[in-house]
Amino acid sequence: MANHSTIGDDYSLTRVPQEARRSLWSITIIRVGALATISQFILGASLGYGMTFWQAFWATFLGSVILQVVGFLLGYAGAKEGLSTSLLARWTGFGRHGSSIIGAVIAISCIGWFGVQNSVFAEGIVQSTNGAVSLPLAATLTGIGVTILVIFGFKLLSITASITVPLFLIAVSIGIYQTLKGQSFSDLLATQPAGEPLSFGVAATMVAGGFIIGAVITPDFSRFAKSGKDVFWMTTIGLLVGELGINMIAVLMALAARTNDVANIMMTTVGWLGVMVVVLSTVKINNLNLYSSSLGFTNIFDSLFRIQLNRGMVTLLIGIIGTLLSVLGILERFTDFLVLLGILVPPVAGIMVIDYFILKTHRKILDESRQKGQLPANTEKLGWPTILAWGCGGLAGYFITIGIPSINSLVISAIIYYVAKKMERLYKTDIHADVA
């Protein structure tokens, strides 16, 4: 068993033992924090600008249910095995080298979004000080500050979220009161949107696609859950408060203010509280971005080079890189690349769910090693069924525009992987029969 006394390691390359598991509150507050963000506000405002309240509600509900199913299934597997997403992937279809590719995709995506969000965080500081603090200085301070928090691992993430989430919700509540006071709630429910009509399919796509990466990395945090029941409540409460709750509040604000620029509304209506909304939002989401990125990078080095890096030290390095990217202001050109990486993530969920829950390819060795508190001694190579399914799923997400692209890619990859693995097993059975 590896020594975890080193600051920041946080069981990055081993199972999380039962004695290190956290309370339902600890994991749930992090999940809510991942969803209750200013980006979620902007999404809800976009829906409210192009849809009626009930149209937006059902689109949000559909997209949220999809995220709930994906997040719960992967989160359950992560909790049962005590493994992060990139580590779990080794025994759910991707093998040692495939899991390193997943780790790279997740790590690069998260560090990129860390830089983007850090720029937003810094801009909030600049506005709150009326320009007294320059953007580069603010970005440096915010980036390094969040990095230091994440170095200390899951426990400090939970403590930070326990402080910032309630403050965020209080600030949001005051902003909503200021925006909606004097408005008739029943009239708002019947109000027609101010912008161009938004189709149901596009709206559901925006909801599901907006957090699909968050759903896939659920095991990074659910591995600290004490049971599958806790994972269910973590994902459900996160959905109700962070997804449905925040989205529909933003929809109402957009209908009331007749604009989709909710961030500006919050700034102008409640002043420094509006800045607080932005700041607290980015602190929470950037904690998670950096944490998942650090887990991805530790898995890459362990998979490819058999080098076990300390997660805390990795966090420090990538935090500095992400901060530097935001200070240099080059992230605007990086965003399209991050979106492109996003289409590679949903197929991962489809393959992992099929392999773990239906095909159960490595369940026996996972069960046996779990009893000993260890990882399985052997991992398979990245097989052709995985490569085929992952590639087809990614292409489907990019080229098929009917329906919800991220879900199309997830479902297609799952189906192709299932069929391909069955064919592979039949082929191996035939070969063994011929040899016999």
Side-chain angles (χ1 to χ4, degrees), residues 32-68 117 120 124 165 168-212 214-215 237-271 273-278 280-282 284-285 339 403-407:
V32 172
L35 285 160
T37 64
I38 198 67
S39 57
Q40 196 70 26
F41 257 97
I42 294 170
L43 170 61
S46 298
L47 300 186
Y49 192 60
M51 308 180 87
T52 65
F53 177 86
W54 289 113
Q55 288 172 336
F57 174 84
W58 289 114
T60 300
F61 182 79
L62 174 62
S64 298
V65 166
I66 293 169
L67 292 172
Q68 167 74 357
Q117 292 283 349
V120 176
V165 170
F168 175 84
L169 295 177
I170 290 170
V172 166
S173 300
I174 296 173
I176 287 158
Y177 171 77
Q178 293 289 345
T179 304
L180 301 184
K181 65 180 180 181
Q183 299 274 355
S184 168
F185 185 70
S186 58
D187 288 344
L188 279 179
L189 295 185
T191 297
Q192 291 301 307
E196 290 291 323
L198 192 64
S199 72
F200 186 86
V202 170
T205 298
M206 292 165 63
V207 173
F211 194 67
I212 191 67
I237 294 171
L239 179 148
L240 293 175
V241 177
E243 190 81 38
L244 269 175
I246 297 297
N247 254 30
M248 299 321 297
I249 286 169
V251 167
L252 286 173
M253 292 179 70
L255 289 170
R258 315 300 290 166
T259 178
N260 60 353
D261 191 359
V262 171
N264 185 57
I265 294 172
M266 294 297 289
M267 293 286 191
T268 55
T269 55
V270 289
L273 278 175
V275 175
M276 183 188 290
V277 168
V278 175
L280 294 178
S281 164
T282 51
K284 293 184 288 86
I285 196 64
V339 172
I404 302 176
S406 58
I407 305 307

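Here, residue 1 is the first one in the sequence, and each next residue gets the next number.
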Distance (rounded to the nearest 0.5 Å) between [X] [atom1] and [Y] [atom2]:
| X | Y | atom1 | atom2 | answer |
| --- | --- | --- | --- | --- |
| L255 | L189 | CG | CG | 8.5 Å |
| L239 | I66 | CG | CD1 | 11.0 Å |
| T259 | Y49 | OG1 | OH | 6.0 Å |
| F61 | N247 | CZ | CG | 13.5 Å |
| F168 | S173 | CZ | OG | 9.5 Å |
| M206 | I42 | CE | CD1 | 10.5 Å |

Which atom names give the shortest non-hydrogen contact between [X] and [Y], and what distance separates them?
| X | Y | answer |
| --- | --- | --- |
| A45 | A250 | N-CB, 3.6 Å |
| T205 | P405 | CG2-CD, 3.3 Å |
| L67 | E243 | CD1-OE1, 3.8 Å |
| P193 | G48 | CB-O, 3.8 Å |
| A204 | I404 | CB-CD1, 3.8 Å |

Given side chains that start at C-beta, do those of [X] and [Y] come closer than 4.5 Å, heavy atoms only?
| X | Y | answer |
| --- | --- | --- |
| F200 | Q55 | no |
| L43 | F211 | no |
| R258 | T191 | yes |
| M51 | F57 | no |
| V207 | L47 | yes |

More than 12 heavy atoms of other groups within 6.0 Å of Y177 OH: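 Result for OH/Y177: open.
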